[in-house]
There are 2 protein chains.
Amino acid sequence: MDRIKTMKAAARPIRRATLHHSAVEELRAMILDGELPPGSRVPEVQLCEQLGISRTPLREALRVLSSEGLVELRPHRGAVVAPVDANEIGAIFEVMDALERLAGTLACRNGSDAEFAKLDRMHGQLVTQHEAGERAAYFLTNRQIHAQIVAMARNPALEATYAGFAAKILRARSLANYDTGRWQESVDEHEGFMKAFRRRDAEEAGALLADHSRRTAVAVIQALRQPAEPEEGTAAGTEPANAG
Amino acid sequence: MDRIKTMKAAARPIRRATLHHSAVEELRAMILDGELPPGSRVPEVQLCEQLGISRTPLREALRVLSSEGLVELRPHRGAVVAPVDANEIGAIFEVMDALERLAGTLACRNGSDAEFAKLDRMHGQLVTQHEAGERAAYFLTNRQIHAQIVAMARNPALEATYAGFAAKILRARSLANYDTGRWQESVDEHEGFMKAFRRRDAEEAGALLADHSRRTAVAVIQALRQPAEPEEGTAAGTEPANAG
DNA sequence: GATTATAATATTGTATACAATTTGGCACGA
DNA sequence: TCGTGCCAAATTGTATACAATATTATAATC
């Protein structure tokens, strides 16, 4: 959440090391990777020795993650990784649609030509990866494209809010393990809003991005409501292989 | 930020008391009331004895407020109350416009007749308070109306995000001490979107709310860029008297 | 006199010890 | 057999003590 702010500070001296800050990033990664599954309890002492730190910075990290909505704190009863609820994800997507639209509109207004050129290159890469069937790479490029669009909006508040919701949605995606039917459709939608971007059509780009988000929401929530298929590989650390 | 979540939990036993949680609310109120002015340093020990708690819960509270963007943490250099930057407020309002639009649209779709009736009563109260020149009361009712609209949207994610931004905007408002020319205009805009609400016209209501937010943004930012007039009363605890 | 190096002070970051609350089990009784 | 009350263990919440870093003051040098 405060990653934006630190990036904005141009001269970050040498290191940015406080244990609780590292703990936040570490725990957030563990939650997003599914290493700490939703609903699982988070015993403090166990995590402490696992991370090699004391309880004090760990607890500070848990408070931050609670504020981000990734864990829930129950007084005197410990912390649990926030469960992924289909209704909540639906609500998040409703807001996300509006944010995507705003990002698209502002990106047209504020993005530089160099950035639009870069966006075009990324889109080309996306198409290539789709044709080659490289799902993991496609998925990563997809996220980078959307992040690039948000960055082009030149709005730190939007960027931070977007990042928070994107994280929760990412978690839902990797859980739902959805994708198959949606891949081709998603690429087509990307093609659509890229055309609008090339014309710098702010309204159209925003509308298409919002629509893209809405359709993604339908697919994710549908997959989320169905029993998740058992994964083949190891549970922790598997690359999410779903299409945006 | 997590107020929503706790409200969602139907049966909250009896008390909800942890010192760090109380400290968060206390500090947040102090910041929003201007008791801790933007840019001021936040020495831990001093606040500890002021709140009658130890450093541990206070520090946890500071981490949460940092995650909310109300304070900035500089490693080994202490915490400062986040300064109110006109550019940042402008960015926040850009997002707020989109959220207001979304709230208006969803409220039309999901609000109950009883809620719309209540909204109507609140609006009547607003008009009365405007005519009577009761600024502080008007300002409170104004906030309650917008909160009511957001609540009618039935979207916890929207509600939480909205609350976070509203807090920062509130802080900017009380600092800028703007209002005079905008009061009548604001009431007229309220009248406008209330008409749309009575027709349950989701698109129109959302559009008018977004426009209302945008116009408020212009007034606030303009006031923020001008040197704030010296206040008459005491600096801390004065009721903000600006119009929405 | 200005500037830089150095040391003293103060403040923050972390670890550990203690207090409070919840949870699970067990005995007791209906 | 089920329910209630109580006790013990475990875990969380808080306070304090210690370590590390930054800030300020002082002094030495140019």
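Throughout, protein chains are lettered first and strands after them, A, B, ... in sequence-line order, and every chain is numbered starting at 1.
Distance A/Leu73 CG to D/dT11 P: 17 Å, rounded to the nearest Å. Atom-to-atom, CZ of A/Arg74 to P of D/dT11 comes out at 13 Å; the value is rounded to the nearest Å. As a whole-Å value, the separation of B/Glu49 CD from D/dA15 C1' is 15 Å. The nearest whole Å value for the distance from the CG atom in A/Leu62 to the P atom in D/dT11 is 15 Å. Rounding to whole angstrom units, CG of residue B/Leu19 and C1' of C/dT21 are separated by 14 Å. Counting to the nearest Å, the P atom of D/dA10 and the CD atom of A/Gln46 are 15 Å from each other. Atom-to-atom, CD of B/Glu72 to P of C/dT12 comes out at 16 Å; the value is rounded to the nearest Å. Between the CD atom of A/Glu60 and the C1' atom of D/dT14 there is a distance of 13 Å, rounded to whole Å.
Side-chain proximity of A/Arg59 to D/dT12, C/dA15, C/dT12: nearest is D/dT12. Of all nucleotides listed (C/dT14, C/dA15, D/dG13), C/dT14 comes nearest to the side chain of A/His20.
We find that A/Glu115 and A/Arg154 are joined by a salt bridge, their nearest charged nitrogen and carboxylate oxygen being less than 4.0 Å apart. With respect to the salt-bridge test (charged N to carboxylate O, under 4.0 angstrom), the residues B/Glu68 and B/Lys168 do not qualify.
For A/His76, no side-chain nitrogen or oxygen approaches OP1 or OP2 of D/dT11 to under 4.0 Å. When the side-chain nitrogen and oxygen atoms of B/Arg55 are compared with OP1 and OP2 of D/dT14, none of them lie within a distance under 4.0 Å. Distances shown here put every side-chain N or O of A/Arg41 at or beyond 4.0 Å from the OP1 or OP2 atom of D/dA10. Contact annotation: B/Arg63 reaches the phosphate of C/dG13 (side-chain N/O to OP1 or OP2, under 4.0 Å).
Summarising the geometry of A/Ala167 relative to A/Leu32, their closest heavy-atom pair is O-CD2, 3.5 Å, with the distance given to 0.1 Å. Across all their heavy atoms, B/Gly69 and B/Ala82 have their closest contact at O-CB, 3.4 Å.
Summary of the strand contacts: A/Thr56 and A/Arg77 both lie near DNA chain C, and taking for each the nucleotide with the nearest heavy atom, the more 5' one is attributed to A/Thr56.
Of the N and O atoms on the side chains of A/Tyr138 and A/Gln125, not one donor lies less than 3.5 Å from an acceptor on the other residue.
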